[in-house]
Asks: 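Pasting in a structure now, in structure tokens, and then I'll have a few things to ask.
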Amino acid sequence: MCNTHEHPHHHNEQAVLSIEQDILHRNNLLAERNRGYFEAKRILALNLMSSPGSGKTSLLEETIRRLNGRLAMYVIEGDQQTSNDANRIAALSVPVFQVNTGTGCHLEAGMINHALKHLAPPEGSLLFIENVGNLICPAMFDLGEAYKVVVVSTTEGDDKPLKYPHIFWEANVCIINKTDLLPYLDGAGIQTLRENALKVNPQLQLFELSATKGAGMDAWCDWLYNISKSTSLITSFLNSKYDKPGIN
Amino acid sequence: MHELSIAQSIVELAEEQARQQQASVIEEVEIEIGRLAGVEIQTLTFALESAVKYTMLEKARIVRHDIDGEGRCGDCGACFKTEALFSPCPQCGSYAVGLLRGKELRVKSIVINRYV
Ligand SMILES: Nc1nc2c(ncn2[C@@H]2O[C@H](COP(=O)(O)OP(=O)(O)O)[C@@H](O)[C@H]2O)c(=O)[nH]1
Ligand SMILES: [Mg+2]
Ligand SMILES: [Zn+2]
């Protein structure tokens, strides 16, 4: 036994360390850092998430066309490979920074932190973050945004919210896009999709629109404009993902 | 495949803590995964197998606790076990349900081996 020896010496010992930390601790810290930056500069940041092809870029294009000149808009584009989406935004003369995630299927807070240093959105601006097209992975990673916006299109089926509940649970806003295609679809229209989204998250703010035909875009742009204006006036702006009904 | 990011985060977090204690080997990691956290357990298990390669966790036992979902109704206050994020309150049928448990993604503890 060690303590029977007279001289000091070394040995291996086992120890249990209590950690009690969130696995995504590092991402969450970086997200808080981004959030602090947004709050200090009174920037409204939105994280747009959807399956590939639901219309995130189209929605951004049309939103930018409508709000150009009224709000200072900046865009971070997350994409696995190409810069097509970033080019579509740049064509509208809005500053855009492209983040290539490679094989990564979602944006993480550190990538936004990096992008912000390049993009440097000024005080009072509106920042759109287009996440990688994926309804699963982006849900889990806080980027420091004020609002998570999930886009789902009418052609994707009514049960999307129930099949991918996490993203609808995390979201604050849900946009049902491609309403112009409803006449061509079988089924009960938009009602079931709407109901399913609200089952997962009764707090969801819903917008129904067509990004390419323009119907419903006014309500969305008015909401954005008002919220961006109040953000640029109010210094403290809090959004907690745990701020769900029934907990307090 | 966010499970890969999660597996890597577990490794990073555990190694960081172990290094602070001058440990050379991590023998065990204890994690808590909520059943409503949006993590596929099988995928995470595979992801961990590759994420621990060439790290201090290479030989570590992974002790996993799966946490059941538990909700509280925002309308009538009932507390109940829930298996989905869209389950209504069994008492009054409301969907205004707050989650009390089931979203956990935590590293609880590690067992290290160090030379002292
Ligand atoms: N009919 C119709 N097509 C749309 C609408 N919004 C987007 N699209 C089309 O859907 C496809 C994918 O759109 P895109 O904006 O690239 O989707 P993203 O992958 O989510 O960014 C494109 O061909 C768009 O023209 C819409 O409101 N109605
Ligand atoms: Mg796009
Ligand atoms: Zn109830």
Side-chain angles (χ1 to χ4, degrees), chain A residues 2 8-29 101 103-110 132 134-141 159 161-170 195-204 241-248, chain B residues 1-10 12-14 16-18 20-21 23-33 36-40 44 71-78 84-89 94-100 103-116:
Chain A
C2 303
H9 74 290
H10 299 287
H11 66 281
N12 279 305
E13 76 164 23
Q14 223 187 33
V16 182
L17 299 185
S18 171
I19 310 283
E20 296 293 348
Q21 259 187 27
D22 197 293
I23 290 172
L24 296 177
H25 182 68
R26 180 180 288 189
N27 184 77
N28 294 344
L29 279 184
T101 57
T103 55
C105 44
H106 58 267
L107 290 172
E108 296 191 10
V132 180
N134 181 327
L135 266 188
I136 304 173
C137 309
M140 202 157 279
F141 296 85
D159 55 353
L162 305 185
K163 275 189 175 159
Y164 302 98
H166 293 96
I167 207 152
F168 289 85
W169 192 85
E170 295 283 350
E195 280 169 13
N196 285 341
L198 291 173
K199 276 181 189 171
V200 178
N201 184 352
Q203 304 281 89
L204 268 181
K241 63 178 175 174
Y242 299 111
D243 199 11
K244 292 276 166 182
I247 286 187
N248 300 322
Chain B
M1 275 260 292
H2 53 287
E3 283 83 1
L4 197 57
S5 301
I6 289 172
Q8 281 159 355
S9 301
I10 293 172
E12 279 168 20
L13 217 158
E16 190 186 314
Q17 299 279 338
Q20 283 172 15
Q21 304 293 322
S24 50
V25 173
I26 299 175
E27 297 184 346
E28 184 183 298
V29 189
E30 187 188 17
I31 56 176
E32 274 182 354
I33 308 289
L36 302 177
V39 168
E40 280 285 341
L44 178 64
R72 181 156 91 206
C73 178
D75 286 330
C76 77
L85 290 176
F86 47 81
S87 302
C89 167
S94 166
Y95 284 97
V97 173
L99 265 197
L100 302 174
K103 275 267 177 188
E104 293 79 359
L105 283 177
R106 292 181 75 74
V107 176
K108 274 191 80 62
S109 70
I110 58 176
V111 177
I112 55 170
N113 200 309
R114 64 184 163 193
Y115 189 63
V116 290

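First the proteins, then the strands, lettered A, B, ... as listed; each starts at 1.
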Asks: Could you tell me the separation between the CD1 atom of B:I10 and the CG atom of B:L105, rounded to the nearest 0.5 Å?
Replies: 8.0 Å

Asks: Name the option with the most non-hydrogen atom pairs under 4.5 Å to chain B; the candidates are A:K199, A:E108, A:R26.
Replies: A:K199

Asks: So what's closer than 4.5 Å to chain A heavy atoms on B:E28: side chain, backbone, both or neither?
Replies: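 For B:E28, neither part sits under 4.5 Å from chain A.
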
Asks: Select one option (side chain, backbone, both, neither) describing which atoms of A:F141 are under 4.5 Å from chain B's heavy atoms.
Replies: side chain

Asks: So do the side chains of A:N28 and A:Q21 get within less than 4.5 Å of each other, counting heavy atoms only?
Replies: no

Asks: Who wins among A:V16, A:L17, A:N12 for the most heavy-atom pairs under 4.5 Å with chain B?
Replies: A:L17

Asks: Taking B:E104, B:E3, B:R106 one by one, which has the highest count of heavy-atom pairs under 4.5 Å against chain A?
Replies: B:R106

Asks: Can you tell if the side chain of B:H2 reaches within under 4.5 Å of the side chain of A:H106, non-hydrogen atoms only?
Replies: yes

Asks: Between B:L36 and A:W169, is any pair of side-chain heavy atoms under 4.5 Å apart?
Replies: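 They are not in contact (no side-chain heavy atoms under 4.5 Å apart), so the answer is no.
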
Asks: Identify, with sequence neighbours excluded, every residue that meets ring-ring contact (aromatic ring centres under 6.0 Å, His included) alongside A:H25.
Replies: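 A:H25: no ring-ring contact (aromatic ring centres under 6.0 Å, His included) contacts found.
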
Asks: Identify which of B:A37, B:G77, B:A23 forms the greatest number of heavy-atom pairs closer than 4.5 Å to chain A.
Replies: B:A37

Asks: Partners of A:Q14 by side chain to side chain contact (heavy atoms under 4.5 Å, CB included), sequence neighbours excluded?
Replies: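 Counting only residues at least two positions away or on another chain, A:Q14 forms a side chain to side chain contact (heavy atoms under 4.5 Å, CB included) with B:E27, B:V111.
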
Asks: Under 4.5 Å heavy-atom distance to chain A, tell me which part of B:L4 shows up: side chain, backbone, both or neither.
Replies: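 Contact with chain A is absent: no heavy atom of B:L4 under 4.5 Å.
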
